[in-house]
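Counting convention: from 1, in listed order, for ligands and their atoms alike.
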Amino acid sequence: MLKAAIIGASGYTGAELAGLIHGHPHLTLAGLYVSNGSQDAHKPFTSLHPRWRGIIDLPLLPLDDEAISRIHTEADLVLLATAHEVSHDLAPGFLAKGLPVFDLSGAFRVPGEGFYDQFYGFHHQYGDWLAKAAYGLAEWNQEAIKAAQLIAVPGCYPTASLSALKPLQQAGLVAEGARPIISAVSGVSGAGRKASMNNSFCEVSLKPYGVFNHRHQPEISYHLGKQVVFQPHLGNFIRGILATVYVQLKDGVSDQQIAAAYHQAYDGQKIVRLAGQWPQINDVAGTPFCDLHWGRDGNQLIVVSAIDNLLKGAASQAIQCINIHQGFSPVAGLIKE
Ligand SMILES: NC(=O)C1=CN([C@@H]2O[C@H](COP(=O)(O)OP(=O)(O)OC[C@H]3O[C@@H](n4cnc5c(N)ncnc54)[C@H](OP(=O)(O)O)[C@@H]3O)[C@@H](O)[C@H]2O)C=CC1
Ligand SMILES: CC(=O)N[C@@H](CCC(=O)OP(=O)(O)O)C(=O)O
């Protein structure tokens, strides 16, 4: 069994990771950590996440110097379920000790001079690690994930969007001049567990946000190799993302070419399902799946992609990355085989 330490374990994605690792055939928990000074330090994990009561009876430990030394000596791998700047600051220390790091934040996803200053509001200090990190889009980057010590698990909207778009782009079916348009709705858990006015129950209402300035637009464009228009919306539900993607096809693209692109990409991949009907959030919430379906009218293609933002959009994709990195079955701990 490999011992996995989770930093940020009281948060929404951290708690999902704890549950997945607890049930994983080859992984065991090597500590659940929160910030040094967290108001939740030393509380039982289950006092915040009672659905794990009687199952994961571990305390939330403060990440002080002693805890960091303990992780260095006792853990086999580290999961960072922390904010971007926190991951940026923490990852290099664990990497320097030789530990593999799986980071759920955006801190190591997109290389490029000035990218973090512009889209994340901080100056990136670790260009060497940024350049070496593998982008953990599990169905697409297996060789890089296997080889890297640092895996940057993609954002939730990028996972839904890239899963829909990459087969078409790889097959060369997308019209040259036109930008694919992604209109996506996320549940409120996408904003994390910390209280804010935006995610308070009485304030949440279906609405757009981040118009022309959301950091996932450049993440999607960079990893697709083509500029996209990306528009997120906040929905009044807890978990899940539904992304509707509008793609202009090249002249002459046949139905068979579209189907072949998706089948070539995903046949044999158990997590991405070609649903055969329009996906809906209820079919994927609480699961590691990404469901896809498409329809066309002439050169206009619409692809719909549905995921659970906390799972395929974060925690279960991190487990897929660990599985690939360690040579386990790619779906170990996620789907019964
Ligand atoms: N929510 C989602 O759907 C997705 C989130 N992500 C990314 O994953 C990361 C985690 O997101 P999410 O789970 O939603 O966030 P939450 O806000 O729910 O949780 C953040 C966690 O980090 C802990 N934390 C904060 N500061 C530190 C610190 N200095 N050292 C150690 N632990 C710290 C918090 O506990 P405390 O403050 O008590 O210390 C808490 O456990 C973020 O980078 C997010 O962008 C990625 C994809 C999807
Ligand atoms: C609803 C909501 O607020 N969603 C988050 C996306 C969360 C996510 O994917 O995480 P990364 O920040 O790690 O990329 C947002 O739009 O910022």
Side-chain angles (χ1 to χ4, degrees), residues 5-18 31-43 45 47-49 60-65 67-68 71 78-91 93-94 102-110 119-121 135-137 152-162 184-196 198-199 204 206-211 213-220 223 230-243 285 307-318:
I6 303 174
I7 301 178
S10 67
Y12 284 152
T13 61
E16 294 293 336
L17 283 171
L32 302 178
Y33 293 94
V34 290
S35 58
N36 190 14
S38 167
Q39 60 180 14
D40 297 319
H42 303 294
K43 288 184 186 168
F45 170 69
S47 68
L48 277 74
H49 297 283
L60 293 165
L61 300 171
L63 192 70
D64 52 20
D65 290 345
I68 290 176
I71 294 170
V78 176
L79 286 143
L80 298 176
T82 41
H84 318 296
E85 277 191 82
V86 175
S87 288
H88 167 272
D89 294 348
L90 287 176
F94 295 118
F102 298 81
D103 177 26
L104 276 62
S105 88
F108 295 93
R109 289 181 196 150
V110 184
F119 291 102
Y120 283 76
Y135 190 63
L137 192 63
V153 182
C156 47
Y157 288 120
T159 295
S161 307
L162 289 167
V185 188
S186 171
V188 184
S189 61
R193 188 167 184 273
K194 213 163 146 205
S196 83
N198 280 341
N199 57 20
V204 170
L206 179 58
K207 66 169 183 188
Y209 67 100
V211 180
N213 62 17
H214 196 283
R215 65 192 182 287
H216 286 170
Q217 188 278 336
E219 182 178 331
I220 297 165
H223 289 287
F230 169 62
Q231 181 51 56
H233 302 76
L234 186 68
N236 60 348
F237 49 91
I238 295 175
R239 56 198 293 167
I241 285 182
L242 191 86
I307 61 168
D308 184 319
N309 55 298
L310 297 176
L311 290 172
K312 180 59 174 164
S316 67
Q317 182 144 255

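- Contacts between A191 and ligand 1, counted as non-hydrogen atom pairs separated by less than 4.0 Å, are absent for every part of the residue.
- In terms of protein heavy-atom proximity, atom 5 (C) of ligand 2 is nearest to G190 O, 3.3 Å.
- In terms of protein heavy-atom proximity, atom 3 (O) of ligand 1 is nearest to N309 ND2, 2.9 Å.
- Scanning the protein for heavy atoms near atom 38 (O) of ligand 1, the closest one is S38 OG, 2.5 Å.
- Any N or O atom pair closer than 3.5 Å counts here, and Y33 shares no such pair with ligand 1.
- When each atom of ligand 2 is checked for a heavy atom of Y157 under 4.0 Å away, the hits are 16 (O).
- At a heavy-atom cutoff of 4.0 Å, ligand 1 is contacted by no atom of S186, backbone or side chain.
- Among protein heavy atoms, atom 29 (N) of ligand 1 sits closest to V86 CG1, 3.6 Å.
- Among all protein heavy atoms, the one lying closest to atom 6 (N) of ligand 1 is L104 O, 3.8 Å.
- For Y12, a nitrogen or oxygen atom sits less than 3.5 Å from a nitrogen or oxygen atom of ligand 1, counting backbone and side chain alike.
- Those atoms of ligand 1 with a heavy atom of A314 less than 4.0 angstrom away are 47 (C), 48 (C).
- If you check which protein heavy atom lies closest to atom 12 (O) of ligand 2, you get R215 NH2, 2.2 Å.
- For ligand 2, the atoms sitting less than 4.0 Å from at least one non-hydrogen atom of G155 are 9 (O), 14 (O), numbered in the order shown with element in parentheses.
- With a 4.0 Å cut-off on non-hydrogen atoms, S186 touches ligand 2 through its side chain and not its backbone.
- In terms of heavy-atom proximity, I238 sits nearest to S189 at O-OG, 2.7 Å.
- Remark: among candidates G240, S35, A81, A107, the nearest residue to atom 39 (O) of ligand 1 is S35, based on non-hydrogen atoms.
- Residues F237 and V185 are in side-chain contact: their nearest non-hydrogen atoms beyond the backbone lie under 4.5 Å apart.
- At under 3.5 Å, a nitrogen or oxygen of C156, whether backbone or side chain, sits near a nitrogen or oxygen of ligand 2.
- Look at G187 and you'll find a heavy atom under 4.0 Å from some atom of ligand 2.
- Interface atoms of ligand 2 facing L234, defined by a heavy-atom separation under 4.0 Å, are 1 (C).
- In terms of protein heavy-atom proximity, atom 13 (O) of ligand 2 is nearest to R109 NH2, 2.7 Å.
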| field | N198/K207 under side-chain contact (heavy atoms from CB on, under 4.5 Å): CA gap, chis, key distance, verdict | value | CA-CA 11 Å; N198 280 341; K207 66 169 183 188; 4.1 Å; yes
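- There is no protein heavy atom less than 4.0 angstrom from atom 44 (C) of ligand 1.
- In summary, the atoms of ligand 1 found under 4.0 Å from a heavy atom of A9, numbered by their order in the structure, are 41 (O).
- At a heavy-atom distance under 4.0 Å, only backbone atoms of L104 (N, CA, C or O) approach ligand 2.
- Between R109 and Y120 there is a side-chain heavy-atom pair separated by less than 4.5 Å.
- For the side-chain contact (heavy atoms from CB on, under 4.5 Å) test with I7, the passing option among L61, L17, V78 is V78; the others fail.
- Note: no N/O pair closer than 3.5 Å links R109 and ligand 1 by distance alone.
- The residue E219 has no part lying near ligand 2, judged by heavy-atom distances below 4.0 Å.
- Considering each of L310, D103, T82, the one bringing a non-hydrogen atom nearest atom 2 (C) of ligand 1 is L310.
- For ligand 1, one of its N or O atoms has an N or O atom of S10 under 3.5 Å away.
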| task | Take K312 and I241 through the side-chain contact (heavy atoms from CB on, under 4.5 Å) test and state the conclusion after the steps. | result | CA-CA 10 Å; K312 180 59 174 164; I241 285 182; over 6 Å; no
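- Remark: ligand 2 atoms within the under-4.0 Å shell around heavy atoms of H214 are 15 (C), 16 (O), 17 (O).
- Within ligand 1, the atoms closer than 4.0 Å to a non-hydrogen atom of H84 are 43 (O), 45 (O), numbered from 1 in the order shown.
- The option from A41, G192, G187, G155 that lies nearest to atom 15 (O) of ligand 1, judged by heavy atoms, is G192.
- Taking each heavy atom of I220 and L162 in turn, the nearest pair found is O-CD2, 3.6 Å.
- Which parts of ligand 2 touch Y209 is read off a 4.0 Å heavy-atom cut-off, strictly below it: atoms 1 (C), 2 (C), 3 (O), 4 (N), 15 (C), 16 (O).
- Near G313, meaning under 4.0 Å from any of its heavy atoms, are these atoms of ligand 1: 47 (C), 48 (C).
- Nearest non-hydrogen protein atom to atom 14 (O) of ligand 2 is H216 NE2, 2.4 Å.
- The aromatic ring centroids of Y157 and H214 lie less than 6.0 Å from each other.
- Nearest heavy-atom pair across G235 and L206 is CA-CD1, 4.1 Å.
- The single protein non-hydrogen atom nearest to atom 23 (C) of ligand 1 is G8 CA, 3.7 Å, given as residue, atom name and distance.
- Between the choices H216, R193, R239, the shortest heavy-atom distance to atom 18 (O) of ligand 1 belongs to R193.
- The environment of CG in N213 is crowded: more than 12 heavy-atom neighbours from other residues, nucleotides or ligands sit within 6.0 Å.
- The CG atom of D64 sits 5.0 Å away from the CG atom of N36 when rounded to the nearest 0.5 Å.
- In this structure, atom 5 (C) of ligand 1 lies nearest to the protein heavy atom T13 CG2, 3.7 Å.
- Between F45 and A9, the shortest heavy-atom distance links the atoms CE1-O, 3.4 Å.
- For S87 and D103, the side-chain atoms include at least one donor-acceptor pair closer than 3.5 Å.
- Looking only at heavy atoms of the protein, atom 1 (N) of ligand 1 is closest to S189 O, 3.0 Å.
- Across every non-hydrogen atom of A81 and T13, the tightest pair is CB-OG1, 3.5 Å.
- Between Y135 and E219, the shortest heavy-atom distance links the atoms OH-OE2, 2.6 Å.
- For atom 19 (O) of ligand 1, the closest non-hydrogen atom on the protein side is G11 CA, 3.2 Å.
- Every atom of ligand 2 is numbered from 1 in the order shown, and the set under 4.0 Å from a heavy atom of H84 is 11 (P), 12 (O), 13 (O).
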